[in-house]
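Below is one structure, written out as structure tokens, with a few remarks after it.
The figures here come from the full heavy-atom set of this structure, side chains too, leaving out hydrogens, waters and symmetry mates. We number each residue from 1, following the sequence as shown.
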Amino acid sequence: MTFSIFLEQIINGIVIGSMYALIGSGIALIYGTMRVLNLAHGEFYMLGGYFVFFLVVTYGVPAYLAIPVAVLMTFLLGAIIQRLTIFYLLAREGWAFSTIAVTLGLSIFLQNAALLLFGEQFQSVPYYLQGVIEFAGIRLPVQRLLIIVVALVTIGAMTFVLKKTRLGWAIRATSQDLDASAVVGIPAQRIYMITFGLAAALGAVAAAMLAPIYAINPWSGLPILLKGFVVVILGGLGSFPGAIAGGLILGVVEAIGVQLTSSEWRDVIAFTLMILVVWIRPWGLFGQKP
């Protein structure tokens, strides 16, 4: 493997890793805030991809308008689903297992609903930007550079929201001490609903960016969900910064590993890395030891 090919694989790893980071950060955001392990998170990715497909391909909406609309639609759908399902479970005893069972059922329901509504055909979205950039022997499609830029903007925006806004302070306070946040007037259930919607929106951003590269189908959420769990385990369950770092690490390791072996080993590489981290550092690379 030449040095230029190696650099290309690093960049490709950063591209896909940035999307893993968005998926993982959504899972981490929900778990870190309300201690719910959302097994339906991959379906929000899938639905976000379908929203983009229909807006761009079926209705001819420009991508720069279609993507924000699709993300907003997924945010609202996530918030509504949280209000209709998880909201009622959190007040009951033994809610931890109940939420796992409900989100698993929700995942199956959304998959079959998508199959019924959209069919089993694999759908794709045209590249938003055409062309290839060449530099020092490295060839990189402009579409992949767009993915990196969108990921950086999205992660930066979420970091700003969490650290510099009243909503972010409320989310962090609720995640740290529910009772104390209630005493100072923070509406925990409303924060939970918004957080769930934000996590779904992060999945929709990833779907919008990957739709021109990976086809959309009713089952496309499951593989990305598994990678999201690998990411949060690598970074530390419930850690938003850890999910970002874990996604980038996973993407780069996968890209280099696939180059050295073959694409059939992609999932093996990912889960081997996860097992090693669990074995050596069970609380994650960036998590805190309990």
Side-chain angles (χ1 to χ4, degrees), residues 10 13-39 41-42 44-45 96 99-100 103 147-148 150-165 167-178 191-192 194-206 209 223-257 267 269-290:
I10 293 292
I14 293 174
V15 169
I16 189 64
S18 64
M19 296 297 99
Y20 288 163
L22 292 182
I23 295 295
S25 61
I27 296 173
L29 192 62
I30 292 175
Y31 186 84
T33 305
M34 61 186 81
R35 298 298 183 268
V36 170
L37 201 59
N38 181 20
L39 299 182
H41 190 67
F44 291 113
Y45 167 91
T99 54
I100 292 176
T103 55
I147 291 175
I148 295 176
V150 171
L152 289 175
V153 171
T154 304
I155 292 169
M158 277 302 304
T159 302
F160 176 81
V161 168
L162 291 175
K163 292 189 175 182
K164 301 295 183 179
T165 66
L167 172 62
W169 299 337
I171 291 174
R172 293 165 63 192
T174 304
S175 67
Q176 292 173 8
D177 195 321
L178 179 60
I191 294 300
Y192 287 165
I194 294 173
T195 301
F196 209 90
L198 288 174
L202 290 173
V205 173
M209 291 297 100
I224 203 73
L225 173 69
L226 296 177
K227 294 299 176 65
F229 280 131
V230 173
V231 165
V232 296
I233 291 172
L234 290 179
L237 193 59
S239 170
F240 185 84
I244 303 300
L248 294 174
I249 291 172
L250 177 61
V252 171
V253 171
E254 271 191 3
I256 296 175
D267 291 341
I269 293 167
F271 287 103
T272 299
L273 177 61
M274 183 191 72
I275 292 170
L276 289 175
V277 170
V278 170
W279 184 21
I280 298 171
R281 192 178 171 88
W283 54 91
L285 296 175
F286 300 91
Q288 295 183 355
K289 185 176 181 180

Evaluate the side-chain contact (heavy atoms from CB on, under 4.5 Å) criterion for residues Leu37 and Thr99: first the C-alpha distance (whole Å), next the side-chain angles of each, then the deciding distance (0.1 Å), finally the verdict. CA-CA 7 Å; Leu37 201 59; Thr99 54; over 6 Å; no
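- The shortest non-hydrogen separation linking Leu225 to Leu39 is CD2-O, 3.3 Å.
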For the pair Leu273 and Ile269, evaluate side-chain contact (heavy atoms from CB on, under 4.5 Å) and give the outcome as yes or no after the intermediate values. CA-CA 6 Å; Leu273 177 61; Ile269 293 167; 5.6 Å; no
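- Atom CZ of residue Arg35 and atom OG of residue Ser175 lie 6.5 Å apart, to the nearest 0.5 angstrom.
- To the nearest 0.5 Å, atom CE of residue Met274 and atom CH2 of residue Trp279 are 14.5 Å apart.
- The two residues Ala206 and Met19 have their closest heavy-atom pair at CA-SD, 3.6 Å.
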Using the side-chain contact (heavy atoms from CB on, under 4.5 Å) rule, take Ile27 and Asn38 through it: C-alpha gap first, then chi angles, then the decisive distance, then the call. CA-CA 7 Å; Ile27 296 173; Asn38 181 20; over 6 Å; no
Distance-only check: which donor-acceptor pairs under 3.5 Å involve side-chain atoms of residues 226-244, not counting sequence neighbours?
unit_1	atom_1	unit_2	atom_2	d
Lys227	NZ	Tyr20	OH	3.3
Lys227	NZ	Glu254	OE2	2.9
Lys227	NZ	Asp267	OD1	3.1
Ser239	OG	Gly242	N	3.0

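- Within the model, atoms OG1 of Thr159 and NZ of Lys164 stand 11.0 Å from one another, a figure rounded to the nearest 0.5 Å.
- A distance of 9.0 Å separates CG in Leu202 from CD1 in Ile155, rounded to the nearest 0.5 Å.
- Of all the heavy atoms in Gly203 and Tyr45, the pair that sits closest is O-CD1, 3.5 Å.
- Not a single donor-acceptor pair under 3.5 Å links the side chain of Arg172 to the backbone N or O of Gly168.
- Contact of the Thr165 side chain with the Phe160 side chain is registered, since non-hydrogen atoms from C-beta on lie closer than 4.5 Å.
- Ile171 has its side chain within reach of Leu198: a pair of non-hydrogen atoms, C-beta onward, lies under 4.5 Å apart.
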Passes side-chain contact (heavy atoms from CB on, under 4.5 Å), Leu162 versus Leu29? Steps please. CA-CA 10 Å; Leu162 291 175; Leu29 192 62; 4.2 Å; yes
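- Rounded to the nearest 0.5 Å, atoms CD1 (Ile224) and CG (Leu22) are 9.5 Å apart.
- In this structure a side-chain-to-backbone donor-acceptor pair under 3.5 Å is missing from Arg281 to Val278.
- Heavy-atom minimum distance, Thr174 versus Ala170: OG1-O, 2.7 Å.
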